Q: 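Sharing a structure, written as structure tokens. Questions coming.
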2 protein chains.
Amino acid sequence: MSTQRRLTTTSYALLSQLSLRPWSTYELAGQSARYFRYVWPRAESAIYREVKQLAKAGLVDGRKEYVGRRARTVYSISKAGLAELREWLDTPPSPFAMEFEGMLRLFVAPVAEAGQVEAALKQVRADNQEMLTFAGEVKQEYLDGRGALQDQVYVRALAIDFFANLLNTVDDWAARALDEIARWDSHSVEERNERAMSILAQVPVDTPAQPTTETPVVPDSQRRSARYPRG
Amino acid sequence: MSTQRRLTTTSYALLSQLSLRPWSTYELAGQSARYFRYVWPRAESAIYREVKQLAKAGLVDGRKEYVGRRARTVYSISKAGLAELREWLDTPPSPFAMEFEGMLRLFVAPVAEAGQVEAALKQVRADNQEMLTFAGEVKQEYLDGRGALQDQVYVRALAIDFFANLLNTVDDWAARALDEIARWDSHSVEERNERAMSILAQVPVDTPAQPTTETPVVPDSQRRSARYPRG
DNA sequence: TAACGTATACTATCGTTTAGAGTATGTCAA
DNA sequence: TTGACATACTCTAAACGATAGTATACGTTA
């Protein structure tokens with residue numbers, strides 16, 4: 001019953017899912033692979049490990065069921081689990097983070113062979129297309145009334161809206177970047193840099209009013225765990 | 001000299017940085033904290049560990065320098081390292097991935113107390129503002145001609161363009177989502193779901209032409225390591 | 001001139017997480 | 001009855017993160 005170990009966001013992600021309805025571990029792993037993968041990617045084995053620990057901590061109840069001779073465990077959230085979940089909801093979420101190897105490829109451009117960076121960015125667009133196709137399928141599932149947790153479309157629609165827009169933004173950028181790269185061959189580094197300055201000037205973000213007195217330090221919005229501040 | 005262990009993307013990120021010029025480990029850790037953090041976030045200790053292994057594998061050369069009695073090691077890429085890097089550039093990049101706890105918070109909305117999800121999304125916007133401020137500072141640094149690797153603005157400008165657009169997209173979404181959440185109080189779940197259907201219909205992604213015969217399986221664009229396919 | 005705070009430059013350790021393979025049972029179609 | 005595929009997990013090495021700790025250098029202030 002007592003919560004020994006500190007819970008991770010992965011714990012809460014599972015508690016969240018289980019707060020909506022009971023699931024078997026296999027189903028949870030499936031949901032993770034199909035949907036959660038995009039916002040909170042975790043290995044399949046981590047799901048199995050994690051629910052077991054949640055059960056040990058008394059935050060979820062496991063019930064063995066049988067399909068023929070094959071057993072499976074169906075979990076549901078416990079009162080203690082729901083309380084934990086509610087407490088988590090009073091803490092600020094950890095900030096948006098990403099891994100984008102495509103950008104690493106771009107950074108090596110000065111020492112890459114012609115075409116290598118281009119190929120990487122084309123791959124980025126291909127991946128994006130694949131994900132957009134998936135998003136389109138999910139959109140259609142909900143429009144057809146056969147989406148997962150269809151009774152919560154009012155929540156899920158916002159998630160689909162998020163992804164479609166995000167993927168389009170990334171794709172638009174990749175297209176722009178490919179356009180620029182195509183010009184590199186016929187321009188010197190100096191010419192490219194001059195052009196870059198006007199691209200920079202048009203980047204949709206305000207520059208600081210007073211010149212930053214010195215190079216700002218390491219960004220701080222790292223991991224958080226405290227409650228929301230005062231108001 | 002022989003590469004025993006399989007290199008990770010973290011290895012290649014460091015090789016990339018070292019291919020542009022030599023850096024001390026401390027500088028590499030600093031660059032990682034300041035810039036790479038956003039595309040390939042790794043712990044400081046991981047940087048120190050990794051360069052040492054790259055040195056052991058003969059992919060980088062370390063030279064001890066002294067400031068008084070305090071030693072530091074400055075690394076530069078070796079021929080073998082450059083060859084490895086070039087091979088990596090011939091492999092497709094791993095797909096874009098993210099962690100977005102804010103979305104997890106949204107998913108629990110049906111069991112959350114009023115205001116909890118709203119607070120989470122406001123935090124998302126605050127974090128975004130912070131990152132946008134940082135992007136603005138970096139933009140100004142390059143416009144002033146004092147950015148890191150300023151002679152490569154033609155590459156770095158594209159990265160700043162990426163971030164500004166991405167952050168704006170996330171922020172716009174969060175604002176839209178907050179607008180929707182504000183309506184929840186005065187509407188039943190049925191009314192919310194009805195509204196969600198029209199939001200869904202306007203999501204900027206095409207739905208599949210032929211109805212997806214069955215629920216599509218686990219997305220495949222998982223980790224890759226092979227070369228680009230044929231042509 | 002001593003003390004203090006901050007930046008530099010790391011090392012060490014422990015626990016967690018991932019990737020990937022492996023095991024075993026059940027279902028269905030050819 | 002064989003094989004493909006889905007279900008339902010377990011196991012392990014290597015990668016990674018968090019945290020603490022050590023030590024030197026340098027500038028400011030008391």
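Protein chains get the first letters and strands the later ones, always in sequence-line order, with residue 1 at the start of each. Keep in mind the model is a prediction, meaning the values are calculated, not measured.
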Q: Has A:N128 got a side-chain atom pairing as donor or acceptor with A:V124's backbone, closer than 3.5 angstrom?
A: yes
Q: Please give, in whole Å, the distance from D:dT7 P to A:Q31 CD?
A: 12 Å
Q: Report the residues that fulfil side-chain contact (heavy atoms from CB on, under 4.5 Å) with A:T10, sequence neighbours left out, ordered by chain and then residue number.
A: A:T8, A:W40, A:R42, A:E50
Q: Whole Å only: how far is the CZ atom of B:R63 from the P atom of C:dA9?
A: 15 Å
Q: Only one of A:E27, A:E137, A:E141 forms a salt bridge (Lys or Arg N to Asp or Glu O under 4.0 Å) with A:R34, so which one is it?
A: A:E141
Q: With a 4.0 Å cut-off, would you call B:E113 and B:R105 a salt bridge?
A: no
Q: Report the distance from atom CD of B:Q53 to atom P of C:dA12, rounded to the nearest whole Å.
A: 13 Å
Q: So what does B:A29 hit on the nucleic acid, given a heavy-atom distance under 4.0 Å: a base, only sugar-phosphate, or nothing?
A: nothing
Q: Got a donor-acceptor contact below 3.5 angstrom from the B:W23 side chain to the B:Q17 backbone?
A: yes
Q: Is A:T25 near enough to D:dA8 that one of its side-chain N or O atoms lies under 4.0 angstrom from OP1 or OP2?
A: no
Q: Nearest whole angstrom, please: distance from the P of D:dC16 to the CZ of B:F36.
A: 15 Å
Q: Send over the distance from A:E99 CD to D:dA15 P, rounded to a whole Å.
A: 15 Å
Q: Can any side-chain N or O of B:Q150 pair as donor or acceptor with the backbone N or O of B:R146 at less than 3.5 Å?
A: yes
Q: Mind calculating the distance between OH (B:Y66) and P (D:dA23) to the nearest angstrom?
A: 16 Å
Q: Using nucleotides 24-26 of chain C, report all nitrogen or oxygen pairs with the protein that are shorter than 3.5 Å.
A:
{"unit_1": "C:dT25", "atom_1": "O2", "unit_2": "A:R70", "atom_2": "NH1", "d": "2.3"}
{"unit_1": "C:dG26", "atom_1": "OP1", "unit_2": "A:R69", "atom_2": "N", "d": "2.7"}
{"unit_1": "C:dG26", "atom_1": "OP1", "unit_2": "A:R70", "atom_2": "N", "d": "3.2"}

Q: Which parts of residues 39-52 of chain B get close to DNA chain D, meaning a heavy atom less than 4.0 angstrom away?
A: B:P41, B:R42, B:A43, B:S45, B:A46, B:R49
Q: If you draw the axis of the six-membered ring of A:Y35, does the NZ or CZ of A:R156 fall within 45° of it and under 6.0 Å from the ring centre?
A: no
Q: Ring centroids only, cut at 6.0 angstrom: are B:Y38 and B:F134 within range, meaning strictly under it?
A: yes
Q: State which residues pass side chain to side chain donor-acceptor pair (under 3.5 Å) with A:K122; sequence neighbours excluded, sorted by chain then number.
A: A:E118
Q: For the pair made of CZ in B:R6 and P in C:dA21, what is the distance, rounded to whole Å?
A: 10 Å
Q: If you take any heavy atom closer than 4.0 Å to DNA chain C, which residues from residues 11-24 of chain B end up in contact?
A: none
Q: Once ring-ring contact (aromatic ring centres under 6.0 Å, His included) is applied, what residue pairs with a partner in residues 76-96 of chain A remain, sequence neighbours excluded?
A: A:Y12-A:W88, A:F96-B:F100
Q: So does B:A71 get a backbone contact from the side chain of B:K64, meaning a donor-acceptor N/O pair under 3.5 Å?
A: no
Q: Roughly, in whole Å, what's the span from OH in A:Y26 to C1' in D:dA8?
A: 8 Å
